[in-house]
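Inspection log for the structure reproduced underneath, given as structure tokens.
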Amino acid sequence: MSLKMLKFACAVALCASVYGEEAAKPEVVEESDEPLLARYVDLDTELTFYSAYIWRGQIMFDTGVWQPAQNVWIKFGENAEYGRIKLRAWANFAFNGYKKPHRFGGMSIVDETVSYNYTAFDCLDFETGVIMYQFPNRHSSGMRETDEILAGVRWRNKFLTPRVYVWWDFDSNGHNPENMLYFDFDFSHAFKLTDELSLTLGSGFGVGNGAYNGHYSKGDVDGVAFNNFHTDAALYYKLTDWLKVGGSLSYYYSLDRHVRHSRYDLHEAYNAGILRGGIHFVANW
């Protein structure tokens with residue numbers, strides 16, 4: 001073998017050795033500085049002040065209220081690729097104490113939600129779960145309960161975002177009749193005005209089945225009927241990476257007059273509907 005060929009063979013062997021050593025090195029995985037709990041759990045805290053308490057288009061009372069809420073999101077996968085569990089606690093407090101005996105500082109209702117949320121195709125948000133209600137001030141005997149199953153879907157897109165939800169009151173617990181169904185159809189669009197400021201406009205309507213409308217109209221409506229119409233505007237400003245504040249205006253009108261004059265409404269005082277204002281604080285942890 002010539003000297004040139006010997007040098008060439010040595011060079012090839014050296015390159016192969018270096019390449020083999022590098023190929024055999026284990027892949028270096030960068031560790032995240034984010035705590036393990038933060039990668040799988042998100043927290044949202046909400047505090048809202050409203051000029052009236054409106055529930056599915058019906059005016060519970062037209063005095064000022066404040067509504068705190070806490071959401072805990074448990075993610076399946078670091079990017080929630082297998083969905084999320086939402087644990088939500090929400091309550092409504094009246095500034096005037098609502099009515100005697102003013103239990104829990106004027107708390108009129110509190111509910112807890114447990115639901116599973118999944119996003120498909122990066123645009124379809126599905127939710128299904130159960131809501132448990134308590135009414136601290138409605139009954140002299142104290143808190144009474146009723147329960148609902150919820151299911152809904154929202155299609156996020158750059159034009160118009162529709163949302164459809166249904167609630168099924170399957171357990172009367174001495175308060176509501178069984179098998180009450182309520183459907184809500186909403187449409188909205190969000191405008192990004194600046195990096196920090198956003199405006200959301202929306203509208204929608206609700207439909208109740210015979211059991212639902214019969215209960216809330218004291219028997220005057222015995223079939224499926226449109227329950228309410230609403231239109232909404234909300235302006236939010238992002239103060240920091242974790243805190244935003246906002247204001248909202250919503251107009252509600254009960255489409256069926258028997259439902260509008262139900263036991264939970266304020267009767268003829270709001271035949272033309274009601275305009276409700278809100279101030280919102282949302283913190284993401």
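Heavy-atom basis, side chains included; hydrogens, waters and symmetry copies ignored. Here, residue 1 is the first one in the sequence, and each next residue gets the next number. What you are looking at is a predicted structure, and each value in this text was computed from that prediction instead of being measured.
Considering only residues two or more places apart in sequence or on other chains, Phe191 meets the ring pair (Phe, Tyr, Trp, His ring centres under 6.0 Å) condition with His189. Under the salt bridge (charged side-chain N to carboxylate O under 4.0 Å, His left out) criterion, Asp186 pairs with Arg163, not counting sequence neighbours. Scanning for salt bridge (charged side-chain N to carboxylate O under 4.0 Å, His left out) contacts around Lys244 gives an empty result, with sequence neighbours left out. With sequence neighbours left out, Trp155 forms a ring pair (Phe, Tyr, Trp, His ring centres under 6.0 Å) with no residue at all. Residues that satisfy the side-chain hydrogen bond (donor to acceptor under 3.5 Å, both in side chains) test with Asn92, not counting sequence neighbours, are Gln67, Ser108. Scored by the side-chain hydrogen bond (donor to acceptor under 3.5 Å, both in side chains) test, Thr240 finds Trp242 as partners (sequence neighbours excluded). Phe226 is linked by a ring pair (Phe, Tyr, Trp, His ring centres under 6.0 Å) to Phe205, counting only residues two or more places apart in sequence or in another chain. The side-chain hydrogen bond (donor to acceptor under 3.5 Å, both in side chains) search around Asn227 returns none, not counting sequence neighbours. The salt bridge (charged side-chain N to carboxylate O under 4.0 Å, His left out) test applied to Glu46 returns Arg88, not counting sequence neighbours. Every residue two or more places apart in sequence or in another chain was checked for a side-chain hydrogen bond (donor to acceptor under 3.5 Å, both in side chains) with Thr161, and none qualifies.
Between the side chains of Asp169 and Thr146, at least one donor N or O sits under 3.5 Å from an acceptor N or O. Asp42 and Trp285 share no side-chain donor-acceptor pair at under 3.5 Å. If you check the side chains of Trp66 and Thr48, you find no donor sitting under 3.5 Å from an acceptor. Donor-acceptor pairing under 3.5 Å is recorded for the side chains of Asn179 and Trp168. Using a 3.5 Å distance cut-off with no hydrogens or angles, the side chains of His230 and Asp232 do pair a donor with an acceptor.
Ion pairing between a basic and an acidic side chain is recognised when a charged N comes within 4.0 Å of a carboxylate O; Asp184 and Arg56 show no such pairing.
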(Q) side-chain contact (heavy atoms from CB on, under 4.5 Å) for Gln70 and Leu43? Distances and angles first, verdict last. (A) CA-CA 8 Å; Gln70 178 64 56; Leu43 300 176; 4.1 Å; yes

Q | Audit row: Leu181, Tyr212, side-chain contact (heavy atoms from CB on, under 4.5 Å) steps and yes/no | A | CA-CA 6 Å; Leu181 289 170; Tyr212 184 94; 5.9 Å; no

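Closest approach of Tyr252 and Gly57 over heavy atoms only: CD2-CA, 3.9 Å. Taking both residues in full, the closest heavy atoms of Gly202 and Thr231 are given as O-OG1, 3.2 Å, listed atom of the first, atom of the second, then distance.
Linking Ile, Leu, Val, Met, Phe, Trp and Tyr whenever their side-chain heavy atoms come within less than 4.5 Å leaves Ile149 and Val153 in two separate clusters.
A distance below 6.0 Å separates the ring centres of Phe61 and Tyr53. His280 and Tyr50 have their aromatic ring centers within a separation under 6.0 angstrom.
Annotation for Tyr236: hydrophobic cluster partners, listed by chain and number, are Val282 (ILVMFWY side-chain heavy atoms under 4.5 Å, direct or chained).
Legend: salt bridge (charged side-chain N to carboxylate O under 4.0 Å, His left out) pairs involving residues 122-132, not counting sequence neighbours, sorted by first then second residue: Lys86-Glu127, Asp125-Arg154, Asp125-Arg156.
A distance of 9.0 Å separates OG of Ser51 from CG of Asp62, quoted to the nearest 0.5 Å.
Side chain of Asp44 to main chain of Asn284: no donor-acceptor pair is present (N/O by atom type, distance under 3.5 Å, no hydrogens or angles).
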